[in-house]
Amino acid sequence: MSSSAGSPSSSNSSSSAKSSSGAFAALRFRAYRTYVAGQSLANIGAWMQSVAQDWLVLRLTDSATAVGITMALQFLPMLLFGVHGGLLADRCPRRRLLLATQSANALLTGALAALTIVGAIRAEHVYVFAFLCGLVFVVDAPTRQVFVAEVVPPQYLQSAISLNGAVFQATRLVGPAVAGLLIGTVGTGWAFAANALCYLGPTVGLLRLRASDLIPAAPPDREPRPLRTALRHVRERPQVFWTIFLVGVVGMFGLNFPIVLTAMASRTFSAGAGMYGLFNVVLAVGSVAGALLAGGRPAGRLRLIVILGGLFGLFQALDAVAPDLLGFLVLLICMGAANLAFQAMANASVQLRVDPQVRGRVMGLYLIAFMGGTPIGAPIIGGLTNHFGARAGMLACGLIPIVACIIIVLIRGGRLRASAVI
């Protein structure tokens, strides 16, 4: 499956092969079904946590900037240590790493739940919790990304990644609604407690995986400079480099939904947590459609990835100036579809175009770009939203990815046209 180091520009044969059974092909494998079933429960909890945490910070501080600071603290460890987490994913048993991260997340979330339930919670506590969860995420995220390659063969990786995205977004239809119900009835702390219990799902799923179900991981390399190897690997592959660049811009500025959507709900539409939950549900509907659409296609060429990134920015910019709630919701669906199609195509394209021995480190770089920029982008968007309004903040989230796409077209324009196979 690995591409030759001597010819980095050549396409990996499996990266361009379309799964014969379409978007749902990965479900034929027991290991993948077991794994994704466990992750589904964790994803529900993650969406509950996201809504509850954002709303708690907004209630404690009445500041969109504070929500941005919380996001920044949560993703700062990825910016600092993301490649090191990827190195662990390359060199350690991945199932054991994932079991450890699920346990750590459950303990941290349980502690936050206890503080909130007894009424002792302060914004500073949430900041510390966000940073500690970010440290766990440094190991968990790249490990989960590359562990997929152990539960499906390479030719089904596009399907598995897209289905993961679809499942993650489908649980968005459930998690925010449950969080809103719990917040409105028994309080925010119980939403955190429910999330802590949800970590049982992936733990049980990982324990149920049999060794015979898994595809052996590539033997780890023992090069003396492993991080430099990953950087060189990316630099020698222009499609991987520019994909990670665009993913970084979108992650830094385009995906600040907790900031702009909470502000749109509370300030533009003068509503509460229920409206914010509705926004998440509507966004998820489009996201599921986008992920499933991507799952039935081969790993995207750079031209398609750039087009999808540009469409995501365009829909978000238009949504920022939508005159009424109905128009806002329709564009939110389109935005979600473009976003998840972009993410699934970009993720699979990078994984299938790098050597298996360095995939964890490269995905660590990918996640640094995708999430590590949040400590920079979130406070900027939060400040724009506070000073100029929710619409201005959301407009910036859309326009900046469009500019990044234009930069790629200007630099790589001829090659994009020459290599376009959509």
Side-chain angles (χ1 to χ4, degrees), residues 42-77 104-137 171-172 174-199 255-281 283-284 371 374-375 377-379 381-383 385-386 390 393:
N43 289 340
I44 291 174
W47 285 118
M48 292 169 55
Q49 179 83 18
S50 177
V51 172
Q53 181 175 293
D54 297 339
W55 203 253
L56 176 63
V57 172
L58 196 63
R59 182 175 62 81
L60 290 172
T61 65
D62 192 30
S63 169
T65 302
V67 178
I69 291 171
T70 305
M71 290 178 63
L73 288 169
Q74 190 159 346
F75 295 114
L76 179 62
N105 278 327
L107 289 173
L108 287 171
T109 307
L112 180 65
L115 283 173
T116 308
I117 289 170
V118 301
I121 193 69
R122 299 199 307 269
E124 293 80 3
H125 297 147
V126 185
Y127 295 157
V128 171
F129 166 80
F131 183 77
L132 292 176
C133 282
L135 288 174
V136 177
F137 191 73
T171 57
R172 196 176 196 160
V174 180
V178 174
L181 178 63
L182 291 173
I183 292 169
T185 54
V186 294
T188 307
W190 291 104
F192 296 138
N195 179 37
L197 290 175
C198 285
Y199 284 109
L255 299 180
N256 288 289
F257 298 148
I259 298 171
V260 295
L261 292 185
T262 52
M264 290 293 288
S266 62
R267 299 176 185 179
T268 304
F269 295 107
S270 303
M275 181 65 74
Y276 177 49
L278 174 63
F279 289 169
N280 278 278
V281 169
L283 191 64
M371 299 175 176
T374 301
I381 298 302
T385 301
N386 258 357

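Numbering starts at 1 and runs along the sequence shown.
- If you take SG on Cys198 and CE on Met48, they are separated by 5.5 Å, rounding to the nearest 0.5 Å.
- Between the CG atom in Leu107 and the CG atom in Leu132 there is a gap of 11.5 Å [rounded to 0.5 Å].
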Full working for side-chain contact (heavy atoms from CB on, under 4.5 Å) between Leu76 and Phe131 = CA-CA 7 Å; Leu76 179 62; Phe131 183 77; 4.2 Å; yes

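- Proximity of Leu56 to Arg59: side-chain heavy atoms (C-beta onward) are separated by under 4.5 Å at one or more points.
- Across all their heavy atoms, Leu60 and Ala123 have their closest contact at CD1-N, 3.7 Å.
- Of all heavy-atom pairs spanning Gly189 and Ala113, the tightest one is O-CB, 3.5 Å.
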task = Decide side-chain contact (heavy atoms from CB on, under 4.5 Å) for Leu112 and Leu108; before the verdict, give the C-alpha distance in whole Å, the side-chain angles of both, and the deciding distance to 0.1 Å.
result = CA-CA 6 Å; Leu112 180 65; Leu108 287 171; over 6 Å; no

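- Listed here is the closest heavy atom pair of Leu182 and Ala194: CD1-CB, 4.1 Å.
- Sorted by first then second residue, the salt bridge (charged side-chain N to carboxylate O under 4.0 Å, His left out) pairs that include residues 184-194, not counting sequence neighbours, number zero.
- Taking 4.5 Å as the limit, every side-chain heavy atom of Thr116 sits out of range of all side-chain heavy atoms of Trp190.
- In this structure, Thr171 OG1 and Ile44 CD1 are separated by 6.0 Å, a value rounded to the nearest 0.5 Å.
- Put simply, CG on Leu58 and CD on Gln53 are 12.5 Å apart, with the number rounded to the nearest 0.5 Å.
- For the side chain to side chain contact (heavy atoms under 4.5 Å, CB included) with Asn256, the qualifying choice from Thr385, Val67, Ile381 is Ile381, the only one to do so.
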What donor-acceptor contacts under 3.5 angstrom involve side-chain atoms of residues 257-275, with partners at least two apart or in another chain?
from, atom 1, to, atom 2, distance (Å)
Thr262, OG1, Pro258, O, 2.5
Thr262, OG1, Ile259, O, 3.0
Ser266, OG, Thr262, O, 2.9
Arg267, NH1, Asn386, OD1, 3.4
Arg267, NH2, Asn386, OD1, 3.3

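- Counting all heavy atoms, side chain and backbone alike, Ala104 lies closest to Val136 at CB-CG2, 3.9 Å.
- Contact record, Ala196 with Gly110: CB-N, 3.9 Å, taken as the closest heavy-atom pair.
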query = How far apart are the C-alpha atoms of Tyr127 and Ile69, what are their side-chain angles, what is the distance that settles it, and do they pass the side-chain contact (heavy atoms from CB on, under 4.5 Å) test?
reply = CA-CA 8 Å; Tyr127 295 157; Ile69 291 171; 4.1 Å; yes

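- The line from CG of Asp54 to CE of Met71 is 7.5 Å long, rounded to the nearest 0.5 Å.
- In terms of modelled atom types and a separation under 3.5 Å, the side chain of Asn280 and the main chain of Tyr276 share a donor-acceptor contact.
- The aromatic rings of Phe192 and Phe129 sit tilted, their planes meeting at an angle between 30° and 60°.
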